[in-house]
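For reference, the structure is listed below as structure tokens.
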Amino acid sequence: MNKRKLQITNYVFLAIAFTFAILLYQTASAQSSTPPTDDQVNAVAHKLYCPVCESTPLDVCPTDACKDWREQIRSMLADGKSEQEILKYFEDQYGARVLAEPPKQGFYWLIYLLPPALILAGAFILLRSMRAWTTAKPEAPNSSAASSAPKDDYVARLEEELKKQK
Amino acid sequence: MTEETTPPKRGVSLTAQIIIWIFVAGLLALVGFGLKRAQNPMAAVGAAVPNFDLVFYKGYEYNGNAQMKLSDLRGKIVMINIWASWCKPCEQEAPELEAAWQIYKDSADVVFIGVDYVDTPAGANEYLKKFGITFPNAPDLKSNISSILNRQMGVPETYFIDRAGILRNVKIGPFASPDEIQSIIQSIQ
Amino acid sequence: MAAEFGYGVLAVSFLVAIYSVIAAVYGATNHSAAWVESARRSMLLMFPLISIAAAALIYLLVNDHYEVAFVYEVTSRSMPTYLKVTAWWGGQAGSLVFWSWLLAAFASAVTIRKWDRDIEFLPWVIVVCSTTLVFFLGLVIFYENPFVRYWNVLGNIEPHMFAPAGAALFTAQDGRGLNPLLRHPGMIIHPPMLYLGFVSFVIPYAFAMAALITGRTDDRWIRLTRRWSLWAWLFLSCGLVLGGRWAYDVLGWGGYWGWDPVEIAAFMPWLTGTAFLHSVMIQEKRGLLKQWNMILVILTYDLVIFGTFLTRSGVLSSVHAFANSPIGPLFMAFVTATFVISIALVIWRWPQLRSETEMKSMLSREALFLLNNLLFISILVVCFWGVIFPLVSELFTGQKVTVGPPFYERATAPLFSALLFLMAVAPLSAWGHSTLQTLGRAIWKSAAAAALVTVALFFFYTRSVGALLGFFLIALALFVTFQEFWRGARARQKIQGENFFVALSRLMGRNRRRYGGYIIHISMALMAIGILGMEAFQVSTQGTLSQGQSLQIAEYKIVFDNVASWDNTPQEVNYTRATVKIYKDNQYVGDLHPRKDMYFSGQPMTIPGLRSTLRDDLYVLLVDWQPISADGATFKIFVNPLVNWLWIGSLLFLVGIVFAAWPDRDPAEEPSRATRRVTQHGAAD
């Protein structure tokens with residue numbers, strides 16, 4: 001049992017060492033591995049906002065500063081960083097405002113939860129008051145007009161309208 | 001959509017009124033707060049500067065400390081220069097800043113600290129090397145420092161804090177000469 | 001000279017405005033017709049006065065009077081004359097004068113009409129309009145004065161209105177010039193349209209206030225202002241559409257709407273205004289919802305003021321926002337006063353605003369209209385919360401956050417879809433009551449046709465479930481609306497024996513509001529096609545090409561030909577223009593020229609190369625290039641499917657509003673609701 005576990009850890013260690021070696025080799029041999037494409041960089045940058053010029057997504061921001069940030073993303077991608085790690089790095093460096101929307105954590109949940117809550121409350125109030133209106137007074141002043149067959153609605157409407165013109 | 005079924009000619013209930021007014025007051029207070037923040041920086045000249053953390057760039061530590069608080073520098077005159085590697089006017093004043101630092105670097109009384117406003121580590125490193133900067137430098141993590149010191153978020157801006165931690169002088173835009181920096185520091189002495 | 005003159009006239013109009021407020025209040029409370037008349041005349045004096053001041057400002061702008069600070073900020077010698085004129089609203093101070101001028105024009109137009117039946121409203125309408133004018137003119141005179149000039153005071157250049165002792169006038173050689181982003185035709189008309197929309201909502205609000213104050217809370221104020229609100233809605237919509245087009249053409253990020261706080265600030269009053277235009281019909285037809293309509297009109301105006309405040313005071317900074325300015329606290333006070341007074345008045349008059357009749361069916365048209373209102377208000381809630389959340393977050397966590405498109409798109413997509421569905425169902429429902437049966441009978445043909453279209457799209461266009469659902473709703477709304485035109489014209493044809501087209505045009509002509517509304521519904525569905533296309537199918541790619549290399553995206557191939565850079569010194573700009581050859585399915589279809597303009601001031605501008613068809617837009621941006629060898633360049637390419645339908649829909653939309661709002665006869669002569677109620681089923685609008 002114990003021995004086997006040890007073996008597994010050995011394998012794991014070997015595997016890690018091996019990947020590490022490959023990674024080292026890749027970075028050492030610089031351009032030989034395929035560098036991240038612009039599209040990969042932009043896919044990440046699209047989820048970020050330019051930290052300097054407000055209201056501009058990072059993937060389309062034309063300033064020199066943003067070019068640097070896109071290069072930053074590129075080099076992080078080349079280092080094998082995941083999108084999540086890059087976003088986290090940007091948040092730690094420049095604050096939550098560089099994210100295209102607040103992270104779903106802690107206080108920021110408020111922004112996601114309040115509108116649906118309010119909308120549901122509004123729907124509930126509307127439903128309740130409509131039910132109250134419709135049941136409270138079945139006898140309305142113009143029920144006779146309303147109960148006429150709606151089939152001939154169109155003809156009736158138009159006739160009425162034509163009468164008005166004369 | 002808030003109409004009720006109960007008998008006509010009834011006014012708005014007291015609870016509803018209270019809720020409405022609390023909501024309006026809350027909204028106005030919120031916006032008022034935002035306006036106040038937008039118009040006055042947290043640190044005003046003549047007032048104490050709120051404390052903040054500094055995590056220095058490697059090779060630009062303060063006396064070997066990788067990390068410290070502003071309050072640790074109480075008793076010294078602190079000049080905080082906010083810059084960024086993508087900022088052209090910053091490049092203008094970088095040699096002036098370094099020249100002024102050469103005057104003070106051996107005095108235990110005056111500290112220069114560069115604060116790098118939203119920048120990439122690579123860009124910052126290149127910039128610091130290019131201008132041979134030797135005084136301590138730290139990134140402005142989460143823009144925390146610049147949001148305490150200024151709201152305009154322009155670079156460069158320089159803040160002079162006296163020995164008691166009071167903000168004494170603010171320079172917007174680049175310095176023209178080391179003398180300008182010196183004369184401000186002398187005026188604080 | 002013109003500067004002192006302009007400032008003097010503004011000061012006089014400020015005093016006149018104050019006088020008209022006082023005279024109107026005094027006249028109303030003491031039932032003195034003479035005082036009210038005096039207030040009315042001074043109100044009418046405002047427009048010519050502000051026009052003269054504006055003329056002075058334009059004179060200074062056009063004639064390069066760079067001693068005037070405002071002229072120096074927004075114009076330069078190289079600008080053509082028409083741009084110098086439009087620079088009037090290119091800066092804070094000038095745009096406030098522009099606001100006041102428009103407001104005075106609207107207020108005059110409304111006070112000049114015959115008032116006989118509604119004379120008790122008059123003083124209070126004047127009070128609201130004049131108070132707003134006092135506020136804006138006050139901002140101009142005391143804080144944001146466009147006539148301030150530069151003076152050389154002992155070697156220092158300082159801005160002052162009047163000469164300080166021992167100072168000489170200082171005139172710069174040339175001005176700084178208008179921000180190049182604002183020189184686009186869309187940006188020249190966009191702000192005035194937006195301001196027109198904002199300002200014209202003051203009028204319905206003024207009538208609503210007058211109705212509340214006088215206690216005459218019947219339908220009269222609504223009848224008097226509903227056409228105003230249509231025009232206001234037209235201008236606001238126009239402003240929004242032009243803003244979108246401007247962003248698409250000039251901002252170079254491949255889209256037309258970025259959910260930026262400034263855009264949303266203009267969108268919010270549009271939402272409540274749209275809700276009002278629907279629910280006002282319920283009040284006219286059924287006497288329901290008087291309280292709710294009052295709230296909507298007030299909310300619309302308050303959102304206009306609130307949005308203007310948010311975007312101008314620097315509370316939320318954003319690309320378009322004017323720099324931090326001292327008007328913040330004053331604006332804050334005005335917003336507070338507007339909110340508090342409006343809400344207090346509504347609460348005071350609440351009992352009088354009760355409905356006259358009751359609702360009868362959950363499926364009646366009025367019930368569906370209420371649902372429509374709920375949806376518009378829900379979108380408003382999302383927008384409002386998204387806009388102010390950064391403030392909330394800063395207050396409670398100390399961190400400012402960005403609320404960007406992902407949030408709004410996710411939150412509003414189901415709401416907009418539900419609106420599309422309502423748009424399809426509501427026209428088929430009857431006032432008073434409908435049943436599921438009658439609705440089903442009315443809708444099945446359209447639904448079947450829409451289903452056919454959806455199946456066809458499934459086989460030939462897309463397999464995305466969300467997009468197909470969207471297309472189904474759009475098709476349903478379109479078919480139902482066409483069917484309404486068809487049925488109406490056919491019925492009339494049968495009765496009158498007219499030819500179909502004569503019948504159709506007469507039908508529409510007799511019922512402008514109803515059929516204008518349907519045109520707007522069609523245009524909304526067309527716009528939805530464009531929006532759906534962008535949201536569901538937009539693709540983009542980016543790559544660096546050397547000469548002759550190509551990039552493939554969708555069925556397009558882009559081959560880089562050349563790039564050239566040159567200076568245009570008089571215009572103070574450096575142009576970099578690339579040429580790319582476009583192949584569609586390997587067929588050469590033409591060249592595009594994406595451009596990057598770098599103004600000497602440091603302001604970059606990215607002009608896309610655009611190939612536009614009904615099927616899709618190919619949108620090519622020049623991102624970067626090698627300045628020395630000029631043989632390599634980076635392009636970002638978007639394929640924006642169906643986006644042209646958005647612009648087509650927008651044009652039709654404007655046609656629809658104009659059709660609905662076009663004055664045909666004096667509204668006072670129209671039968672009142674009381675007499676009309678008898679013929680309820682007949683009056684079909």
Side-chain angles (χ1 to χ4, degrees), chain B residues 1-42 50-53 86-92 118 140-148 150-155 172, chain C residues 275 279 288-292 295-296 302 306 309-310 313-317 321 323-333 335-337 339-340 342-344 346-356 358-359 370-371 373-374 377 384 387-392 394-396 398-400 602:
Chain B
M1 252 179 250
T2 35
E3 291 174 66
E4 300 270 314
T5 44
T6 32
K9 307 294 173 202
R10 205 196 57 170
V12 183
S13 74
L14 193 65
T15 350
Q17 287 196 32
I18 290 171
I19 292 171
I20 292 168
W21 289 118
I22 287 179
F23 173 76
V24 172
L27 178 66
L28 291 171
L30 177 71
V31 177
F33 155 81
L35 185 65
K36 194 168 156 279
R37 288 292 304 267
Q39 298 219 316
N40 319 301
M42 282 164 77
N51 205 7
F52 51 78
D53 288 314
W86 41 262
C87 145
K88 295 286 170 223
C90 297
E91 298 189 355
Q92 268 174 44
V118 285
D140 182 8
L141 290 178
K142 300 196 174 192
S143 307
N144 186 31
I145 301 172
S146 52
S147 72
I148 284 173
N150 77 323
R151 299 288 304 178
Q152 304 279 343
M153 304 276 180
V155 268
I172 312 275
Chain C
S279 73
L288 290 164
L289 297 184
K290 290 164 77 177
Q291 293 162 328
W292 180 238
I295 290 175
L296 280 179
D302 284 358
F306 190 66
F309 162 70
L310 280 186
S313 59
V315 172
L316 313 162
S317 33
N324 273 5
S325 79
I327 66 175
L330 258 158
F331 228 122
M332 178 82 207
V335 166
T336 308
F339 278 27
V340 169
S342 333
I343 294 171
V346 171
I347 290 178
W348 178 42
R349 291 294 188 190
W350 194 250
Q352 278 105 305
L353 289 168
R354 293 236 163 252
S355 302
E356 293 160 21
E358 301 292 334
M359 187 161 300
L370 278 183
L371 209 52
N373 269 228
L374 176 71
I377 298 302
F384 192 83
V387 165
I388 64 164
F389 188 75
L391 285 176
V392 179
E394 200 184 5
L395 179 61
F396 289 102
Q399 279 268 312
K400 221 166 188 162

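All chains are named by letter (A, B, ...) in the order of the sequence lines, taking the proteins before the strands, and each is independently numbered beginning at 1.
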| message | B/Glu91: which residues meet the side chain to side chain contact (heavy atoms under 4.5 Å, CB included) condition with it, sequence neighbours left out? | response | B/Lys88, B/Tyr127, B/Lys130, B/Phe131
| Which answer fits C/Phe384, side chain, backbone, both or neither, if we ask what part of it has an atom under 4.5 Å from a heavy atom of chain B? | side chain
| request: Can you check whether anything in residues 26-33 of chain B gets within less than 4.5 Å of chain C, heavy-atom wise, and list it by number? | output: B/Leu27, B/Leu28, B/Leu30, B/Val31, B/Gly32, B/Phe33
| field | Contact class of C/Val346 relative to chain B, heavy atoms under 4.5 angstrom | value | neither
| field | Worked verdict on C/Ile343 versus B/Phe23 for side chain to side chain contact (heavy atoms under 4.5 Å, CB included) | value | CA-CA 12 Å; C/Ile343 294 171; B/Phe23 173 76; over 6 Å; no
| Heavy-atom proximity to chain B below 4.5 Å, by part of C/Phe309 | side chain
